Structure formats: C-alpha cells, structure tokens
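Below is one structure, written out as structure tokens, with a few remarks after it.
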Amino acid sequence: MVYGQKNTIFTSNQLLNMNKVVSGADEAIKDIKDGMTLMLGGFGLCGIPENCIAALVKKGVKGLTCISNNAGVDDFGIGLMLKTKQVKKMISSYVGENAEFERQLLSGELEVELIPQGTLATRCMAAGYGMPVIFTPAGIGTEIAEGKEVRNFNGKDYLMEMAFDADFAIVKAWKGDSMGNLVFRATARNFNPVMAMAGKITIAEVEELVEPGELDPDHIHTPGIYVHRIFQGKNYEKRIEQKTVRKK
Amino acid sequence: MVYGQKNTIFTSNQLLNMNKVVSGADEAIKDIKDGMTLMLGGFGLCGIPENCIAALVKKGVKGLTCISNNAGVDDFGIGLMLKTKQVKKMISSYVGENAEFERQLLSGELEVELIPQGTLATRCMAAGYGMPVIFTPAGIGTEIAEGKEVRNFNGKDYLMEMAFDADFAIVKAWKGDSMGNLVFRATARNFNPVMAMAGKITIAEVEELVEPGELDPDHIHTPGIYVHRIFQGKNYEKRIEQKTVRKK
Amino acid sequence: MLDKEGIAKRIAKEIKDGYYVNLGIGIPTLVANYIPKDIDVVLQSENGLLGMGPFPFEGEEDADLINAGKQTITMLPGSSVFDSAMSFGMIRAKKVNLTILGAMEVSENGDIANWKIPGKMVKGMGGAMDLVASAENIIVAMQHVNKAGESKLLSKCSLPLTGVNCVKKIVTELAVLDVLPDGGFKLLERAPGVSVEEIKKATAGKLIIEGEIPEMII
Amino acid sequence: MLDKEGIAKRIAKEIKDGYYVNLGIGIPTLVANYIPKDIDVVLQSENGLLGMGPFPFEGEEDADLINAGKQTITMLPGSSVFDSAMSFGMIRAKKVNLTILGAMEVSENGDIANWKIPGKMVKGMGGAMDLVASAENIIVAMQHVNKAGESKLLSKCSLPLTGVNCVKKIVTELAVLDVLPDGGFKLLERAPGVSVEEIKKATAGKLIIEGEIPEMII
C-alpha cells in the first residue's frame with residue numbers, strides 16, 4: 001500500500017481559511033425564528049453571550065425554549081428576554097435570582113423544566129459527542145425520575161437521559177479565531193464548550209477575534225469544527241452577581 | 001443564609017500541596033500485580049509511557065490484560081512486554097505492526113479483543129465520567145455487535161458498550177505538576193487524557209515535572225484529581241514509527 | 001449549642017489530608033475557614049474549578065472567576081479549570097472524596113430533601129442531585145430543628161427528595177450523628193452544654209444511643 | 001484506466017469548499033495532494049487533530065505529531081488538537097462532512113468490508129467502524145477487482161462487514177458509481193479509455209446504466 005509518501009503539495013494558506021466571521025450579533029442570529037430551541041452558555045452571569053442576548057431582544061423573536069443553567073437576573077442576561085416575554089420555556093438547573101421569572105412562572109406565562117446541573121451538562125455533551133442517551137444516577141428516587149427509564153448497572157440505579165436537540169447554541173468565549181476555534185477564560189468556561197458542541201448551528205461571540213495560528217493548537221478548548229459563526233463582541237459589561245471580597 | 005462572607009482565612013500554601021510525586025517508574029508501578037488490567041496511553045508509539053513499560057518489563061509482572069489502542073512494535077512499546085510474555089490479553093483497535101504479537105496470537109498464547117477505536121476511547125471516557133455504559137453506532141451490523149444489546153434511538157441503531165474497569169491507567173504527558181495536573185503536547189495527547197480519567201489508580205510519567213502554579217489553569221488537560229502518582233521520566237526515545245518527509 | 005461557625009468548625013475536623021472536597025452553599029462554605037493547617041485539601045467548585053481559593057481582595061475581583069454560589073473567588077497555585085461536563089464527570093466517577101451540604105430534612109435511612117418546598121417558588125436543585133447521587137461520603141450541615149421547632153431528622157422525609165440513602169453523617173447545633181447503613185441516627189457527640197435529653201427531644205427519627213455520649217471538642 | 005493518483009485526483013473533485021474531511025490510509029491519503037486550490041478544506045486525523053498539514057521537511061519531523069496512519073505530519077495555522085474521545089465524538093455527531101476510505105468489498109446496498117479476511121492475521125479495524133457507522137457522506141476509493149480478478153462491487157459482501165448501508169459513492173480505476181438508496185451501483189462516469197462493457201464485466205453486483213455514460217474529466 002502507498003501511504004502518501006509522494007509530495008504532499010497543499011500549502012497552508014490554501015487549506016485553512018474557512019472564514020466563519022460574521023459582522024456582529026445581528027447577522028449571527030438573523031435566522032433564529034419564533035419557537036426555536038436555543039442553548040445559551042454561561043453560569044449565573046459569568047460567561048454569558050451578552051451581545052447575542054441583546055440582539056435577540058432587539059429582534060424580538062418569540063416563543064423560545066432556552067436551555068441555560070440559569071435564567072439571568074431581572075435586568076441582565078436571559079432576564080432581559082424574560083422581561084420582553086420572548087421565552088416560552090426555560091430548561092435550567094437553578095433559576096433563583098429573578099423576580100420577573102417568578103412572576104411569569106406563577107402566572108403560568110412561562111414554563112420551566114428544572115433538571116440537575118450535571119444532567120444538563122452531560123445532555124449537552126451527549127449531543128456534541130453523538131451519543132443519543134446517557135445514564136446518570138442524579139435524580140434516582142426523586143420526582144425527577146418520574147416517567148423515565150431506570151436501569152441498574154453493577155448494583156446501582158441510573159436514569160436514562162436524552163441528548164439535547166437544540167437549533168442553535170450561543171456561546172461566549174474569551175478568544176476565538178476566524179475558523180471558529182475557541183479558548184475560554186477561568187470559570188467563564190462552564191457550560192460554554194459543551195453547548196458549543198451541541199448546537200445544530202453554533203454561534204460564538206468572543207472578546208478578541210484573532211487570525212488562525214494565533215491560538216496555540218494545544219490550548220484550544222473548542223475546535224472550530226463545532227462552530228459555525230463567530231464575531232468579536234463589544235461593550236462587555238461582565239456584571240458580577242455576588243461580589244465577595246476580603247480585606248487586605 | 002450566610003454565603004461565607006466572613007473572612008476566609010486559608011492561605012495558598014496550606015491548601016494546595018497534595019504531593020503525588022514518586023521517585024520514578026519502579027515506585028510508581030510497585031503494586032501492580034499479576035493478572036491485573038492496565039490501560040496504557042499512546043497511539044502507535046506516540047505518547048506512550050516508555051518509563052513505566054520498561055519498569056513493568058523489569059518487574060516481570062505477568063498475566064496482564066492491557067487496554068491500549070495499539071500493541072507497539074517488536075522491540076518497543078508494549079511489544080517489549082509481549083516479548084517477555086507478560087501480556088495475557090490485549091484490548092486494542094489495531095495491532096498490525098508486531099510480528100511477535102502475531103506469532104503469540106496464532107499459537108494461542110495471547111488473547112486479543114479488537115474493538116473500534118472510537119468505542120475504545122469512549123469506554124475510557126465513560127469510566128472517567130462515571131457513566132456505566134455508552135451507546136455508539138460503531139459495529140452495528142458487524143460481528144462486533146454479536147451478543148451485545150442493540151437499541152434504536154431516533155431511527156438509528158446503537159450498540160450498548162460498557163465503561164472499562166481498569167486497575168491502573170498509565171499515561172505519558174508532556175508536563176505535569178506535583179499535584180498531578182497534566183498537559184499534553186500535539187497528537188501525543190491521543191488516548192492519554194481519557195485513560196488518565198479512567199484508572200482506579202492513575203500513574204503519569206511526564207517529560208517535565210513542575211511546581212503547582214507553573215501550569216496555566218486554563219491550559220491543563222487533565223486535572224490532578226484524576227492522577228494519583230506522578231514522576232519525571234528519563235531517557236525518552238520517542239521513536240518514530242513511520243518517518244514521512246518532503247523535500248525542501 | 002453551636003452557632004453556624006461552630007458547626008463549620010466541627011465539620012472541618014472530618015476533612016482528611018489529601019481530600020478533594022465539595023462545599024455547598026451556606027454553612028458548608030464556612031467550613032473552608034477551619035480546615036486544619038497541617039493538611040492538604042483541594043476544594044472543588046462544580047461550575048468547573050479545582051483549587052478554589054479565598055475571596056479576592058477588594059478591587060481584585062474578576063467577573064470570570066466565580067464559585068458555584070456565584071461569589072467572586074480566587075485561584076491557587078495548582079488550580080485547574082474545566083467545563084461543566086467534566087466537573088460532574090469527576091463527581092459521578094467518585095473522584096471527590098467528601099461532599100458537605102445543607103438540608104431541610106434527612107431521614108434515618110439517609111434520604112435528603114433540600115431543594116423544594118411544595119407551594120413555594122422552586123428555585124431548582126442546581127448540582128445537589130448529582131452530588132448526593134454519586135458522592136460516597138456526604139456530611140450534612142444543618143439546624144436540628146426548623147423555624148417552626150420541628151425536627152429535621154425524621155423517620156421519613158416529608159419534602160420532595162433530593163437523593164436517597166446517601167447521607168453518612170450529620171452535624172447540627174446540637175450533635176454529631178452517623179446515619180447507619182441499616183437505618184437510624186447514631187448519636188456520636190453532644191454539642192457543648194447540650195444534654196442527650198435535649199437531642200432526643202429534637203430528633204423525630206430513630207435515635208440510637210449507646211453508652212456515654214461525649215461532648216464534642218471543637 | 002486510472003492509476004492510484006488518478007483515482008485520488010477524481011475523488012478530490014468531490015470535496016467542496018468548507019468541508020471537514022477524514023482521509024483513510026492508502027489511496028485516500030493521496031487525495032490531499034489534489035484538493036482544488038480555490039477551496040478551503042480542513043483535514044481531520046482521528047487520533048486527535050484538525051488541520052493536518054503536509055509531511056514535514058527532512059529533519060523537522062516531530063515524534064509527537066503524527067496522523068492516524070502513524071506518519072509524521074505538520075500542523076497548519078488554525079489547527080487544533082484534542083483527545084481521542086472528542087475526536088470520535090465529532091465523528092459520531094456528524095461534524096465531519098466527508099469520509100474517504102479504502103475497501104476490500106462494497107455491496108450494492110452500501111455495505112462495506114475492509115478490515116478482516118478470515119484465515120488471515122487480523123490487524124484490527126482502527127477507527128473504520130466508527131467512521132462508517134456515523135459519516136453521512138462516504139466515498140470509497142478502491143480497485144474495481146481484486147488481485148484474483150474478482151469484482152469487489154458485489155450484490156452482497158462475502159467478507160466480514162465493517163459497516164452497513166453507508167457507502168454513498170465509489171471511485172475505482174474504471175468508473176465512478178453512486179450507491180443508490182434503494183440498492184444498486186449507478187454508473188456515473190467511465191475512466192478515460194474504459195468502455196461500459198469493461199465496467200459491466202468487472203461489476204458483480206447490480207449495475208444501473210441509464211443513457212450515455214460520459215468519460216470522466218480529471
């Protein structure tokens with residue numbers, strides 16, 4: 001067999017110039033339609049796609065199902081989309097910081113599905129890794145297990161949980177290149193890489209957009225193959241939800 | 001509720017000094033016993049734990065089941081353990097480069113279980129992520145599916161494959177710190193991070209052992225929680241299996 | 001009787017050298033302040049960090065660096081960051097040695113309820129269900145009775161469960177108790193100045209008292 | 001009739017702008033040499049690399065940087081490295097747009113056999129079973145007949161299967177053929193100087209010929 005020892009003639013600038021850069025949040029979300037399912041990265045207000053959320057509010061798209069660990073606060077994050085009543089259903093693990101959320105939920109305007117945080121993360125990963133289901137012990141013996149398949153492996157019970165199926169995943173990274181490779185910073189990583197893998201279409205907004213080659217291939221958290229659109233965001237507020245400090 | 005806003009008084013040198021450093025390969029493998037199941041990182045001869053393999057040969061432990069994507073070549077890698085007949089069974093995806101392997105297999109001295117490469121990697125990951133099984137389409141309709149549970153999700157058939165259960169995982173990293181945090185280099189990463197997560201006890205040999213704090217927390221591929229023993233290896237040969245070059 | 005700091009202090013004595021520990025919100029967070037100085041411990045924050053350090057100095061807080069309680073924190077030398085899937089992967093794989101969390105109720109067979117009160121706004125379980133379903137060593141830090149004066153140590157939980165058969169030990173303002181594998185709260189220690197009788201009165205579930213019960217040393 | 005380079009050249013025309021492509025060992029590896037200059041393509045190597053570059057210059061080879069065929073390679077600007085679990089994760093999740101691999105046999109319903117010959121030493125399937133089970137677009141590069149002169153395009157494979165109902169297109173030294181969803185090899189193009197009659201003779205499975213069959217342009 002020949003192993004391709006003949007001259008391999010392709011050159012670097014020929015091969016890797018898949019330009020996924022869009023002009024900004026408005027273009028990135030332009031085909032998000034009423035009733036779609038979105039994944040939104042972030043934990044609390046940390047590492048959330050601020051620019052895309054603002055663009056979604058501006059666009060006014062409605063009836064959305066949002067998969068996100070939290071629901072923002074009243075005047076920031078997904079809270080902004082709740083205020084404008086664009087969200088039909090939240091799929092989250094914790095939604096405690098939002099009065100408007102509570103009002104809509106109690107009045108029946110908003111549907112909420114609470115699922116364990118690890119189950120949420122792993123159902124994203126399952127989608128990105130082409131695994132139709134995962135088994136987890138989280139929720140065994142609780143109301144979370146109702147209606148779900150329980151199966152015993154090696155003497156322990158596990159719940160079968162399905163991979164998510166989201167139309168779009170919207171994530172925020174620290175740096176990214178025009179090919180969609182992403183690098184996250186500190187705990188702003190959280191759900192972003194697993195959601196980036198999981199969207200049918202993945203949109204990444206980044207604090208700094210660089211050229212291919214500027215990110216060390218060993219340091220890339222999300223390979224560009226998972227990302228379809230990328231842009232450099234602006235005016236990041238990066239609000240802190242609970243500032244806790246100590247004295248010098 | 002109080003969220004710990006009082007002074008948090010612990011100091012850095014108090015908290016993070018879990019020293020996992022052992023003197024070398026001999027100490028690292030000292031309690032590996034006859035008949036145990038080992039995972040060995042690497043793809044071909046790339047990123048293999050050379051020092052630990054040498055120590056296993058020296059120790060002469062026998063009847064091992066080795067989970068490793070390949071079986072080395074006649075005079076390097078796992079091939080060295082095959083020569084000394086220490087391996088009872090190989091679990092691999094491709095074992096093509098080894099004449100002694102072939103002889104032992106045909107004579108019945110050696111048992112081999114061939115499984116698809118992605119299944120091998122994902123069964124490691126399943127162990128490291130506490131997932132008892134994974135479902136993959138790899139092998140559907142082939143002899144690999146014989147005796148295994150087939151299940152249809154969303155119109156596609158998947159095989160149920162079990163997480164691996166290995167006594168030891170032995171991996172090779174580029175850099176590591178005394179707390180067991182690991183960083184890999186280029187495609188020497190391959191199976192190493194997924195196996196590092198999967199061993200009951202994980203041994204890491206590294207080219208360069210550094211102090212905690214020298215590795216960027218955002219660049220660590222394997223968090224130290226997965227690693228139990230670490231040492232700086234020596235005399236790395238890093239043999240190339242198929243040198244392919246082009247002319248300037 | 002112990003205050004919250006006292007409960008945290010007593011629990012800190014359960015932490016052993018080399019442990020990876022996950023601390024829940026509330027009293028468990030305070031435990032970090034009392035980890036003995038002569039042992040090495042790494043704190044996991046389930047949003048994706050090993051090696052959580054103290055709160056930052058004023059002006060040095062970083063919006064990208066928070067813990068699972070959404071508080072600004074710091075990293076320490078040897079910290080590592082990972083995504084939420086890996087974070088719960090290491091929890092499910094039992095790599096975290098000790099989980100300390102609060103509870104509304106614990107039953108004598110180790111069931112725990114701490115996420116939902118029927119009729120009240122439900123905020124969610126966060127990572128609690130994942131933690132209690134997988135952790136091998138779970139200590140609950142809580143008050144012995146609720147605000148209505150009712151025992152939180154029950155024969156059976158009345159609130160919706162977070163997990164079953166999982167709690168190993170309970171530390172309250174009154175006592176330290178083991179949850180026995182076959183059921184029952186075994187009284188191990190009394191809080192300073194608290195009598196066995198007071199603990200009996202505050203415990204609705206099966207309480208097991210064998211021999212002299214020492215007063216705890218904190 | 002095409003030589004191996006010719007087969008590779010013809011297959012290269014199937015690659016579209018923006019594709020992520022996995023090239024198997026053998027003829028598929030050669031395809032990289034003929035990717036049109038005006039399109040952007042990223043090559044995946046399933047050991048854990050996106051953005052595989054050409055072989056290194058003599059003396060610049062790096063033992064830590066190899067492809068799935070274990071050959072020394074290079075990276076390109078924009079390359080990314082990942083572990084084997086993620087590598088096959090992206091394959092299973094259908095993120096790789098095109099898979100090109102060799103085969104010993106292909107059946108008219110798209111089954112493929114390329115890993116095992118009974119009675120001979122079996123080297124293993126490597127990543128082939130994962131690739132064929134998940135890829136949505138699979139092109140097989142192979143000789144039309146084996147060394148014994150027997151057709152490799154069959155109504156049913158005789159060798160142990162690698163995957164079922166997966167091959168979409170076949171390029172051989174004689175022809176380009178589609179594998180139809182309902183079964184059958186649909187002849188699309190003849191190799192230069194090859195007659196339809198020659199292709200008929202070399203094809204054991206159901207061959208579908210409609211209208212004039214053009215000679216391929218490579």
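Here the structure is a predicted model, which means the values were calculated and not measured. Below, chains carry the letters A, B, ... as their sequence lines are ordered, and counting in each starts from 1.
- In summary, E102(A) and K120(C) do not engage in a salt bridge, as defined by a charged side-chain N under 4.0 Å from a carboxylate O.
- Atoms CD1 and CG, from I140(A) and N165(C) in turn, are 11.5 Å apart once rounded to the nearest 0.5 Å.
- Only the side chain of E60(C) comes within contact range of chain A, with heavy atoms under 4.5 Å apart.
- Side chain of T244(A) to main chain of T72(C): a donor-acceptor pair is present (N/O by atom type, distance under 3.5 Å, no hydrogens or angles).
- Other residues, nucleotides and ligands contribute at most 12 non-hydrogen atoms within 6.0 Å of the NZ atom of K206(C).
- In this structure, Q117(A) contributes its side chain and G127(C) its backbone to a donor-acceptor pair below 3.5 Å.
- T122(A) places no side-chain N or O within donor-acceptor distance of the main-chain N or O of A85(C), the cut-off being under 3.5 Å.
- Here R185(A) is the residue among K238(A), R185(A), H221(A) with the most heavy-atom pairs under 4.5 Å with chain C.
- Across all non-hydrogen atoms, the minimal contact from A186(A) to M75(C) is CB-CE, 4.0 Å.
- For T162(C), the part lying near chain A is the backbone, with the side chain staying farther off; criterion is any non-hydrogen pair under 4.5 Å.
- Remark: the backbone N or O of G118(A) is paired with a side-chain donor or acceptor of D130(C) at under 3.5 angstrom.
- Summarising the local packing, CG of L106(A) is surrounded by more than 12 heavy atoms from other residues, nucleotides or ligands at distances under 6.0 Å.
- The most heavy-atom pairs under 4.5 Å with chain A, out of F88(C), F57(C), F82(C), come from F57(C).
- Between chain A and the residues S80(C), S45(C), A113(C), A68(C), the most heavy-atom pairs under 4.5 angstrom are made by A68(C).
- Of the inter-residue distances, the one linking R92(C) atom CZ with I134(A) atom CD1 reads 5.5 Å to the nearest 0.5 angstrom.
- K94(C) NZ: more than 12 foreign heavy atoms inside a 6.0 Å radius.
- In this structure, chain A has no heavy atom under 4.5 Å from any part of D111(C).
- Within the 4.5 angstrom heavy-atom criterion, no atom of N98(A) approaches chain C.
- Smallest separation of non-hydrogen atoms from A133(C) and K156(A): O-NZ, 2.7 Å.
- The environment of NZ in K200(A) is crowded: more than 12 heavy-atom neighbours from other residues, nucleotides or ligands sit within 6.0 Å.
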Worksheet item: Which is it for R189(A) and L49(C) under the side-chain contact (heavy atoms from CB on, under 4.5 Å) test, yes or no, and what are the steps along the way?
Response: CA-CA 10 Å; R189(A) 194 181 319 180; L49(C) 177 67; over 6 Å; no
Discussion item. I'd like to know whether W115(C) forms a side-chain contact (heavy atoms from CB on, under 4.5 Å) with L114(A), so could you lay out the CA-CA distance, the side-chain angles of the two residues, the decisive distance to 0.1 Å, and finally the verdict.
Written reply: CA-CA 11 Å; W115(C) 78 286; L114(A) 293 169; 4.2 Å; yes
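- Most heavy-atom pairs under 4.5 Å with chain A: of the set V164(C), I91(C), L65(C), I66(C), this distinction falls to I66(C).
- Only the side chain of E207(A) comes within contact range of chain C, with at least one heavy atom under 4.5 Å from a heavy atom of that chain.
- Chain A forms more heavy-atom pairs under 4.5 Å with one residue of G48(C), G124(C), S84(C) than with any other, namely S84(C).
- With a 4.5 angstrom heavy-atom cutoff, F101(A) touches chain C only via side-chain atoms.
- Neither the backbone nor the side chain of L120(A) comes within less than 4.5 Å of any heavy atom of chain C.
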Discussion item. Please determine whether side-chain contact (heavy atoms from CB on, under 4.5 Å) holds for the pair K243(A) and E58(C), giving the CA-CA distance in whole Å, both sets of side-chain angles, and the decisive distance to 0.1 Å.
Written reply: CA-CA 9 Å; K243(A) 182 175 147 179; E58(C) 175 77 43; 2.8 Å; yes
Fill in: Verdict with supporting geometry, T119(A) and M125(C), side-chain contact (heavy atoms from CB on, under 4.5 Å)
CA-CA 11 Å; T119(A) 302; M125(C) 68 292 281; over 6 Å; no
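- Proximity to chain C is limited to the side chain of L105(A), based on heavy atoms less than 4.5 angstrom apart.
- Your options are T187(A), N192(A), I240(A), and the one with the most heavy-atom pairs under 4.5 Å with chain C is T187(A).
- Neither the backbone nor the side chain of V132(C) comes within less than 4.5 Å of any heavy atom of chain A.
- Under a 4.0 Å N-O distance rule, the pair E241(A)/K70(C) does not qualify as a salt bridge.
- Atoms CG and CG, on D64(C) and N190(A) in that order, are 9.5 Å from each other to the nearest 0.5 Å.
- More than 12 heavy atoms of other residues, nucleotides or ligands sit less than 6.0 Å from atom CE of M121(C).
- Between chain C and the residues I144(A), L45(A), N69(A), the largest count of heavy-atom pairs under 4.5 Å involves I144(A).
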